[in-house]
Protein chains: 2
Amino acid sequence: MTKKQAATQSVQDYLKRIYELTEDGAPASTNDLARELNIKPASVTGMIQKLAAEKPALVEYQKHQGVTLTKAGRKAALEVIRHHRLLEAWLVRTLGYSWDEVHEEAERLEHVISEDFEMRIAAAMGHPDRDPHGELIPTAELVMPTEESIPLSALRPTQTGIVQCVKAADTELLRFLEGLGLIPGAEIEIKEYSPFDHNLTVKIGRKTTVLGLNITSKIFIEES
Amino acid sequence: MTKKQAATQSVQDYLKRIYELTEDGAPASTNDLARELNIKPASVTGMIQKLAAEKPALVEYQKHQGVTLTKAGRKAALEVIRHHRLLEAWLVRTLGYSWDEVHEEAERLEHVISEDFEMRIAAAMGHPDRDPHGELIPTAELVMPTEESIPLSALRPTQTGIVQCVKAADTELLRFLEGLGLIPGAEIEIKEYSPFDHNLTVKIGRKTTVLGLNITSKIFIEES
DNA sequence: AAATCAATTTAGGATAACCTAAATTTTAAG
DNA sequence: CTTAAAATTTAGGTTATCCTAAATTGATTT
Ligand SMILES: [Mn+2]
Ligand SMILES: [Mn+2]
Ligand SMILES: [Mn+2]
Ligand SMILES: [Mn+2]
């Protein structure tokens, strides 16, 4: 019954990135992983081969075909993601971090907190289901809830909705969006759509702004 | 101006233990360190040699003579100790950890929190000067305040005082002491002293207990 | 199908931190 | 002072993660 020793910090980061890169269903490529992890592709290949060789395997891997997570790998990834998102929520709520500051801190803490700590902060916050960016928090049983909201880029004039989630990690972008009031909970209405450049004119609260696809594809909305 | 890259977790643990073992003024021996760190003596020798060779050196080391911290090493150790003790206080205050549970969690978190995090929790708690066990917290400038209290073992009948600090990490012992009410803030009075076994009969609140040297040497009192 | 470029893997190394077993040195006891 | 025991160091290895450079494979384009 020896509870499979916890993955190292490196392995946890690999699994987390693989999870994110494979959310679209397609395997993650060596190069993509290398870019996300800031590690050279050659090293990524090596690590992936190791993860695929573990028993039970954490990833599924075919040479030159990229990687996907196995069931075991996905559980491990969700554990880290739950830690990360709960930590972000907790740091914002109890220590006044802003949503563009929390990521880095959570990125390191996620690997060292105990399950006890995880439970305590979850309970202290009343078991939140989203982090400060609106990203869904996996349950304690390590199930990722299904995201119902749709990308802002999919909306068209006269549609209205509420911002649920902002999928961005970049500090600059987050500050910019906050300045626009484009944060979870914000009410928006589509005013115009420009089919050539995919720009949307969006009313956020009282302000109206034109947003490009690079932004509208990262904002997720619950239509109303 | 490249701010000397932060020490690894291992190095931080070595420095912290060396600090603790040399508080009495004498150098720390390889064996003592090995025992405290749960690392084989041979490995400790290797690490110590490396720390002594760094520029600037973190420890002073003479073969077979044990180690002491250099100024740089002491600063690094105090940084970790400050993290540890602030974290313990924070965990107890905000997440309801008991004083026998916090140590382990803080032992891992201490290595990964940012200076920003350190400042935030310190400020949130009103810059406490002691952790939940009553141990002094180094200042933000990394100066260790001087401990004014004296060991309970040095008191004699009719003397009274207030518990300031309990220098123990063992869960069992901490629970036992809490059961006795022997926690920081407790008022005590010495009733009897037995010169042969150094037992002290101590009145704690309303209860009276006989305590051996193994305990009385770990409890620190401010006489009153 | 051949050439070419990009993606990926293999080979060969490096570093950090450990470990075990075999010296060596120090200390403590006759 | 000589020795045995204890403490410490040295030697030789291992594992985990990365890296660079070279080789290979896959995809794209004529
Ligand atoms: Mn994040
Ligand atoms: Mn991380
Ligand atoms: Mn502690
Ligand atoms: Mn530690």
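In this text the structure is predicted, and so the values were computed from the model without any measurement.
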Interatomic distance where [atom1] belongs to [X] and [atom2] belongs to [N] [whole Å]:
X         : N       : atom1 : atom2 : result
Lys63(B)  : dT10(D) : NZ    : P     : 4 Å
Lys40(B)  : dA6(D)  : NZ    : P     : 18 Å
Ile48(B)  : dT10(D) : CD1   : P     : 12 Å
Leu33(A)  : dC18(D) : CG    : C1'   : 15 Å
His111(B) : dA16(C) : NE2   : P     : 18 Å
Asn31(A)  : dA27(D) : CG    : P     : 14 Å
Gln65(A)  : dT24(D) : CD    : P     : 19 Å
Asp13(A)  : dC18(D) : CG    : C1'   : 14 Å

| field | Pairwise 5' ranking along DNA chain D for Ser10(A) and His64(A), keeping only the more 5' one | value |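 This one resolves to Ser10(A).
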Are [X] and [N] close enough that a side-chain N or O sits under 4.0 Å from OP1 or OP2?
X        : N       : result
Gln49(A) : dT10(C) : yes
Thr30(A) : dT9(C)  : yes
Tyr14(B) : dC18(C) : yes
Ser43(A) : dC18(D) : no
Tyr61(A) : dT9(C)  : yes

| said: Distance alone, cut at 3.5 Å: any donor-acceptor contact between the side chains of Ser98(A) and Asp100(A)? | reply: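 Looking only at side-chain atoms, Asp100(A) and Ser98(A) do form a donor-acceptor pair, the distance falling under 3.5 Å.
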| said: Looking only at the side chains, is there a donor atom on one of Asp13(A) and His111(A) sitting less than 3.5 Å from an acceptor on the other? | reply: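 There is such a pair between these side chains.
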Which nucleotide in the set [options] lies at the smallest distance from any side-chain heavy atom of [X]?
X        : options                   : result
Met47(A) : dC18(D), dC18(C), dA21(C) : dC18(D)
Lys50(A) : dC18(C), dT9(D), dA16(D)  : dA16(D)
Ile39(A) : dG26(D), dT9(D), dC18(D)  : dC18(D)

| said: Can you tell me if Lys167(A) has over 12 outside heavy atoms packed within less than 6.0 Å of its NZ? | reply: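 Yes, NZ of Lys167(A) has more than 12 neighbouring heavy atoms, counting only those of other groups under 6.0 Å.
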| Side chains of Thr68(B) and Val59(B): does their closest heavy-atom pair fall under 4.5 Å? |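 Not in contact.
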| field | Residue that, paired with Glu88(A), satisfies side-chain hydrogen bond (donor to acceptor under 3.5 Å, both in side chains) out of His103(A), Arg93(A), Arg130(A) | value |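 Single pass found, and it is His103(A).
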